[in-house]
Each structure stands twice: as structure tokens, then as C-alpha cells.
Protein chains: 2
Amino acid sequence: MESAGTVEKAVDVLFHLHAARAPQGVTAIGQALGMPKSSTHRLLSALGRRGLVERDERGQYRTGIALVALGLGALEGEPVVAAGRPVLEAQAREVGETFFLVAARAGKLRVLDKAEGSGFLRAAPQVGSAVPVHATAVGKLYLAFGSDQVAQSGTPLKAFTPRTLTEPRSLQSAARAVRRRGWALNRDEWIPGLSVLAAPIRTGRGGDERMVGAVALAAATPRLEELGTDALARRVRRAAEQIAARLEVGAPGRGRSR
Amino acid sequence: MESAGTVEKAVDVLFHLHAARAPQGVTAIGQALGMPKSSTHRLLSALGRRGLVERDERGQYRTGIALVALGLGALEGEPVVAAGRPVLEAQAREVGETFFLVAARAGKLRVLDKAEGSGFLRAAPQVGSAVPVHATAVGKLYLAFGSDQVAQSGTPLKAFTPRTLTEPRSLQSAARAVRRRGWALNRDEWIPGLSVLAAPIRTGRGGDERMVGAVALAAATPRLEELGTDALARRVRRAAEQIAARLEVGAPGRGRSR
DNA sequence: AATTATGTTCCGATAAAAGGAACTTGTTCG
DNA sequence: CGAACAAGTTCCTTTTATCGGAACATAATT
């Protein structure tokens, strides 16, 4: 975490405030990042001048609203999100469980958007966060259809639960099965009690077909079985196809400027 | 826009990419901000190393998903948002029109959250954006109940529409009326055809009562009249009171760490 | 009122950013 | 097919902003 440029240190301050989830003072931030108070203070001032950090009534620093505008702007700039949102919302309302959108960005799988279910016990992934590859339904999809888009982690695959696939061989055979069926299932492999169904969003015809993301349905494992895995899988696949269709028609509209 | 520190320039790059709404290259960004290519390139690299900017398949730069996580984190850190979201969603579903949350931040009125209605014609404010004070329902609320929290703009108040109140005197009398009734109405004063009803979210008892934000209901003007302004106003006030109540009980729980 | 913790300002040494220019890569047009 | 152009990247010297210890100011605590 050492020896970074000024800009990167400033960004690190933002991430630290984000991770801390509570407003903090100059001293605490400086200690956490291994920087002297004065440097920390200068970075915070610069960030504050642009509204990326704010101060509460106690004078403690926290992330600012300017970040909200930037972040939501970045989301809306994602064609997959724009195309997917109404579909996610419609599905979440019909099924009553959480639907979300995941895509590979910079070698990692990121939650791009979500529409939460209505149950007392429901999945609530954090938009913007990363999820593991080898222990999720979407991860298997990427191994099956877009393995070049996600970074392969080192051989020691972390066993989140007893059901996590930690052997590269079993992962490969799982990927083959996924390729055959066209959808993926994760039952208690990442988080005990959580099951996820996922289907790929694919654009382009024939040779240059490309996976641009995945639709996932997350619910408590018993709930998923109660509703019927196969029926839900068909539903998730249909949702993914709808989003892909919206991307095809929408694509020409996104014109280049200047 | 000149003579800023490195951190501020980097942030300016982010805002520029946000405002451009389309991916851009090094040259275009540098020209827009008056910086040489090499400097622009260095800033973009630093931002990219932390995921705040990304590159599309053409190599053009755009804002990155790391910003999404930071931005949504900042939102969730706002107690008003956490308390308000379920209320907004419930109201939006019942009425079928857009409810949103506005609060003063750094002297400006900012949209903190929204729940959109379901109609073909519906208001869709951008979360994170600022709204004018003198031409909105929430602005009048702040003039009435929390004038110290928003910066007074210069005397020449911009006339967005023929109905905009541009005289400080008429604004003051409007604020008095708002204080008496406890809610505010904006009919076509900012955007023609758009009407907004707003009520203050107030916490604390007796002397140290404080306005911490406002709930607003936005709809096409004819629609608002069709549904009945008075009934809707009561509804908006009730929603604001619900959020305030949730803030009171929720407040002690938000513990300080360390 | 004294003490301690925390935020802010100051300033010389120094490393890092600035920016012009050369180099590389990819695209367009004859 | 190759030349001309445009855009991105790297190089290198000058200059300036960052660094960080320490003094100062301010607010909370006992």
C-alpha cells in the first residue's frame, strides 16, 4: 500500500472512508494509511474542494455527494445497465426475489445493478462490489463462455463453504455442464443458505458472439427449490435474452460525439 | 479552472468524463481541460490504476465502476437516505408517481434518492444533481424552515418559466405561506408542465428542531390536479413524518467506532 | 483551570508532476 | 499497397507542489 502517486493516495483515502463506513478524523485516516497528519489533511482538503469528501457536524470526514453523481453517472453509461434495469425490476416484482446484473470489469466480476425482492429474507448484493469467480453461478458462466474476460486466480481456490469447488478439474467439468445447459447454478457454494441461478447475456451473431454480462436470481436455497429450479432457470434465461435484444436495438443509437 | 493541485486536476478529469457522457480520448480530455497530453495521460493512468476510470474496446476513457461502489456507499452512509428509501418506494408504488428526497449539502440542494413512478410520463430527477432554490418546492421549504442551510443566490433570480418567482419579496411571502401550511407547492415554476409537492423532514423536539431534508412528489401538472393537491399534500407530509420517526429511533444505533 | 487529543498552518528538503518533444501504433485516404 | 495523418505512449529536463516534522490553534475531557 506504499509508494503511490499523489492521485492514488487521494483515491486510497476515498476507499478508506468507504470501507470504514463511518466518518473519521484526520488522525485516524492518516494512521490507517500510514501517512502523516499534514499530508492527510492536504489530500482531504483537495478532495473536499471538489466535493468528494464532506464533513459532518463533528468535523469528521466522510465521502461526499459529488461521488454519488459520478458513480450513478458511470452506471448509466453502461449500456448493459440501461438495458437491464427495467427487466430486472419486472422480474423481481413478479418472482418476489432479488435479480441482479453482473459483468466482468478489469478482470473481476462486478455487480452492476440489482432489483431486490420483497421477502423478509432476501439477497441484497452491494452494487459495485466484486464477487468471486470460482464460487458463484456467474463465475461459472464466465468460465464457460468468456474465460478470457476474468482473471484466473491462483490454484489454491478458497473454500468458502464445504460445497465450494476447490479443484480446478471439478470447476472445468462444471463449466462444461454450464456450456451445455446454457445456465449456471450455485447452491451454497459461496454463502451457506444462498443459491443463485444465472444466465449469460450474449450479443452478436454467429462467430463473434460475445458475453457482455449475466442475469442472476438469488434467493435462500429452500425458497429456490420450492419455486422449482428448472422453471426459474427458464425464466432467468428469458430475462437474459430480453436484455440482449434490448442491447441490439439500442446499440446503433449510442452515437459517437464530435 | 486553472492553477489547481494535482488531486483537484484528477477530480476535474472525472467530472469532465461524467459531463461528457461519452468515452473520450487523451487528446480530447487534455484539450477540454487545458492540459498537455502527457499530463492528462499520467492522471488517467493513476485513476485507472484505482479503477476510477476504465477504457472501452476502442481505448477511450470513461468513468469506472469503482466510482459506483464509492458513490452508492456515500448514499447509504446518509441516515436520511437509509431511513427514507422504503418510505419513498412504498409511496411511489401506491401513487404511481415519482417521490424523491432532497437535502442541503454544502449550501446547495441535492437530490439524495428517488423512487420513480410507473407512468409513461414521469419525473426522473438525477440522484446527486443540484436543484435551484428559488424555483422549487423544496427550495421554498428551506427558505421557510432552514434558510441558513442554503446559500442565497444573487438578487437576479433566474426566470426559468413565466411562473418563476423572481422578486425576493414574493419569495419571502411564499416562504411565510409555506411555514404556515407546513408544505410547499411548485407549479410550473422551474420546468413547464412539472409540479412538485414537498414537505420537510424535521427531527428533534421543541427548541432544537431541525430540518434534515424534504420529501417531494413530482408529477405532470394536470396529473397532480387530477389526484387532488390537498390529499397528496397530506400524503407527502405523512411520508415526511414517517421518515423523521425512523430517524429518531434509528439514531442511537449508529454507533461511533473506536 | 489544566491536560490531552485532534485539527490546522508553516517551511525547508526533496521527490514527483509538468509539459515539450520524440517515438510508436493504428487509421484513413490516395 | 503505401504514404500521410492522428492519437496514444514514453522520455527527459525544469520547476513546482508534495512531504513530513514541528509549532500552533482549537476543542473535548477530567
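Here is the naming used below: chain letters follow the sequence lines, and residue numbers restart at 1 for every chain.
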Exercise. If you pin L43(B) and G59(A) to their nearest nucleotides in DNA chain C, which one's is more 5'?
Worked result: G59(A)

Problem set entry | Interatomic distance, Q60(B) CD vs dT9(D) P [rounded to whole Å] | 11 Å

Seminar exercise, completed: Rounded to whole Å, the CD1-C1' distance (I29(B) to dG8(D)) equals 12 Å

For this session: Classify the nucleic acid contact of S39(A) as base, sugar-phosphate or nothing, counting any heavy atom under 4.0 Å across all strands shown.
Result: base

Problem set entry | Phosphate-side-chain proximity, R55(A) and dT8(C), N/O vs OP1/OP2 below 4.0 Å | yes

Exercise. Has H41(B) got a side-chain N or O lying under 4.0 Å from the OP1 or OP2 atom of dT9(D)?
Worked result: yes

For this session: Determine the contact category for S38(B): base if any of its heavy atoms lies under 4.0 Å from a base atom, sugar-phosphate if only primed atoms, P, OP1 or OP2 are that close, otherwise nothing.
Result: base

Problem set entry | All stems with DNA chain C, defined as three or more consecutive Watson-Crick or G-U pairs under 3.5 Å | C:1-30 with D:1-30

For this session: May I have the distance from R49(B) (atom CZ) to dT9(D) (atom C1'), rounded to whole angstrom?
Result: 13 Å

For this session: Could you tell me the separation between the CZ atom of R58(A) and the P atom of dA28(D), rounded to a whole number of Å?
Result: 11 Å

For this session: Measure from CD on E8(B) to P on dA17(D) and round the result to the nearest Å.
Result: 12 Å

Exercise. So, are R85(B) and E78(B) salt-bridged, with charged N and O less than 4.0 Å apart?
Worked result: no

Problem set entry | Note: R202(A)-E241(A) ion pair, threshold 4.0 Å (strictly below) | no

Exercise. Are R62(B) and D56(B) within salt-bridge range, i.e. N to O under 4.0 Å?
Worked result: no

For this session: Examine H134(A) together with F160(A) and report whether their ring centres are nearer than 6.0 Å.
Result: yes

For this session: Check the pair D113(B), V80(B) against side-chain contact (heavy atoms from CB on, under 4.5 Å), reporting the backbone distance first and the verdict last.
Result: CA-CA 9 Å; D113(B) 200 6; V80(B) 197; over 6 Å; no

Problem set entry | Length of the CD-C1' vector between Q24(A) and dG7(C), whole Å | 15 Å

Exercise. Are K114(B) and E116(B) ion-paired here, with the side-chain N under 4.0 Å from a carboxylate O?
Worked result: yes

For this session: For dG20(C), take OP1 and OP2 only and decide whether either is under 4.0 Å from a side-chain N or O of K37(B).
Result: no

Exercise. For dA7(D), does OP1 or OP2 lie under 4.0 Å from any side-chain N or O of Y61(B)?
Worked result: no

For this session: Determine, stepwise, if the pair Q126(A) / V111(A) fulfils side-chain contact (heavy atoms from CB on, under 4.5 Å).
Result: CA-CA 7 Å; Q126(A) 203 190 356; V111(A) 178; over 6 Å; no

Exercise. Quick one: on DNA chain C, does T27(A) or V7(A) contact a more 5' nucleotide (nearest heavy atom)?
Worked result: T27(A)

Exercise. Between atom CG in L44(A) and atom P in dC19(D), what is the gap in whole Å?
Worked result: 12 Å

Exercise. For the pair made of CZ in R42(A) and C1' in dC11(C), what is the distance, rounded to whole Å?
Worked result: 12 Å

